[in-house]
Amino acid sequence: MRQETRHLIISFVIFLSGIIFLERCLAWKIPLHFIPTVKMHKALEYGDNCIVFSGDSRMASGLDLSIMKNTLNSHNNSTCLIDLSIGGVNLTGQVVALREYLRHGRKPKLIVLGISIDNLLSDDMHVDESSFVGSRAIILLWSHLKDVYIHYPNFPKEGRINGIKFLIMRTNALTTFGSIIWLKIQRFQNYITGKSTGETNRFGAVEDMKLLANDFFIQLQRLISTQKLGHDTWSEHRWYSLLKQLLVERDIPLALVEVPIFPPYASQIEAISQSSAIKDWIARRLPKCRLAEPKCIESTLINLNSVPGINAAFFPDKIHLSTDGAKIFSKHLGEKLSLILQK
């Protein structure tokens, strides 16, 4: 073997070893500080028979577990409470997180999922690698091999390239956490250059949240108003159907909670005729108690889009509840859950 070839092989081996070492370091280090994995580890420290809360940042901002616990205790419903709500994660990520929790053999008393009704309708949007950024990296981190057929139902006939990308990205920390690494680099760059992002909260820049709120409302309004009346024209989100299947197999009840919406938006959504019809359709399709289990907790849909005492002032960024708003919401939700648990 020529000396140049030998040097090239040695250089390649050293480079490859460095990449593998970096990947292993990221696989170990990032989950120690990644909010979803930190929440999951904390959740798994509890035993069974807890109430598990899930949802996106709207649910996360609305939960005050101390208020919730006091409200439940006042109705003789003392139980452990687990917060698995994760900001920046769509329904797919929420179901993946709940599946990961259940995979460890946990048996909760009730799963409470914070939603807006459009979350549960069929999502035919194109799924690609840009969907797995930030906290949504859990869709890769906690994925199963067969998930490719849920993301891309006709794989490999359709969505072949994106399906293969998904299968590759889930195999290593570099591609799983790539977006998180890039966000940290951007933040460091902003710190070095002194670039200001303006007022921020735990979910991001407040001005960005306000813009996002307007976009969210327009999309929600368009989706609901364009739905044809008649349940035969509607279909469920694929991942929501999977969640129901997982819970039925384990006899775990589900409470769907419509989280508070910025009041000017909420009133307009409620005024759309299709809105109530879709809610009724969703409620009728919830898993039913088995006749052989008279003490079974019924799955239900709870509408808390509008909560007495919560006005626009409790939404500083038009999406998330303030601390005071969270206390009011948690008390009302605690009261609703107490009625369910006492049946």
Side-chain angles (χ1 to χ4, degrees), residues 35-56 58-86 89 91 93-115 120 138 142 144 239-259 282-283 285-304 326-327 329-343:
I35 291 176
T37 52
V38 171
K39 280 197 167 189
M40 183 62 70
H41 291 154
K42 185 176 180 180
L44 293 173
E45 291 175 356
Y46 291 88
D48 294 337
N49 214 34
C50 297
I51 297 178
V52 178
F53 297 90
S54 181
D56 59 20
R58 294 170 298 167
M59 189 67 166
S61 70
L63 282 179
D64 186 319
L65 292 186
S66 62
I67 296 293
M68 183 76 67
K69 193 169 189 66
N70 290 338
T71 304
L72 291 171
N73 287 345
S74 68
H75 292 278
N76 299 316
N77 288 311
S78 179
T79 186
C80 48
L81 306 178
I82 295 174
D83 178 13
L84 268 182
S85 54
I86 303 170
V89 173
L91 180 66
Q94 294 156 29
V95 175
V96 167
L98 288 170
R99 181 181 64 182
E100 178 68 11
Y101 173 76
L102 297 174
R103 185 180 69 83
H104 287 81
R106 294 296 186 267
K107 179 70 182 293
K109 176 183 291 186
L110 175 69
I111 285 181
V112 181
L113 179 62
I115 57 135
L120 307 182
I138 62 174
W142 294 327
H144 295 182
W239 285 91
Y240 174 55
S241 296
L242 174 63
L243 175 62
K244 291 202 302 181
Q245 178 185 336
L246 290 172
L247 299 186
V248 167
E249 291 171 352
R250 294 164 175 78
D251 296 320
I252 300 171
L254 172 66
L256 298 174
V257 178
E258 292 186 80
V259 294
I282 290 171
R285 293 172 62 89
L286 282 167
K288 305 298 182 184
C289 277
R290 299 183 180 182
L291 296 177
E293 300 177 9
K295 294 184 179 180
C296 173
I297 300 172
E298 288 282 358
S299 294
T300 188
L301 173 63
I302 302 172
N303 184 357
L304 289 178
K327 292 179 180 178
F329 169 70
S330 295
K331 182 172 178 58
H332 278 272
L333 179 55
E335 296 283 354
K336 296 286 187 181
L337 295 180
S338 293
L339 293 175
I340 296 171
L341 296 173
Q342 288 174 354
K343 288 182 180 179

Under a 4.5 Å cut-off applied to non-hydrogen side-chain atoms, are [X] and [Y] in contact?
{"X": "Leu91", "Y": "Leu113", "answer": "yes"}
{"X": "Ile252", "Y": "Leu102", "answer": "yes"}
{"X": "Leu98", "Y": "Trp142", "answer": "no"}
{"X": "Lys39", "Y": "Ser85", "answer": "yes"}
{"X": "Trp239", "Y": "Val96", "answer": "yes"}
{"X": "Glu298", "Y": "Leu286", "answer": "no"}
{"X": "Val95", "Y": "Tyr240", "answer": "no"}

For the residue pair [X] and [Y], what are the closest heavy atoms and their distance?
{"X": "Asp48", "Y": "Gly105", "answer": "OD1-O, 4.0 Å"}
{"X": "Ala326", "Y": "Ser61", "answer": "CB-O, 3.3 Å"}
{"X": "Leu72", "Y": "Gly334", "answer": "CD2-O, 3.6 Å"}
{"X": "Ala97", "Y": "Ile86", "answer": "CB-CD1, 4.3 Å"}
{"X": "Gln94", "Y": "Gly114", "answer": "OE1-O, 4.2 Å"}
{"X": "Arg58", "Y": "Ile115", "answer": "NH2-C, 4.4 Å"}

More than 12 foreign heavy atoms under 6.0 Å from [atom1] of [X]: is that the case here?
{"X": "Lys244", "atom1": "NZ", "result": "yes"}
{"X": "Ile35", "atom1": "CD1", "result": "no"}
{"X": "Lys336", "atom1": "NZ", "result": "no"}

Given the options Leu301, Leu304, Ile282, Glu258 meets side chain to side chain contact (heavy atoms under 4.5 Å, CB included) only with Leu301

Set of residues satisfying side-chain hydrogen bond (donor to acceptor under 3.5 Å, both in side chains) with respect to Asn77, sequence neighbours excluded
none

With sequence neighbours left out, which residue pairs that include part of residues 95-115 fulfil the side-chain hydrogen bond (donor to acceptor under 3.5 Å, both in side chains) condition?
Arg99-Asp147, Glu100-Arg103

Could you give the distance from CG (Leu254) to CD1 (Ile297), rounded to the nearest 0.5 Å?
11.5 Å

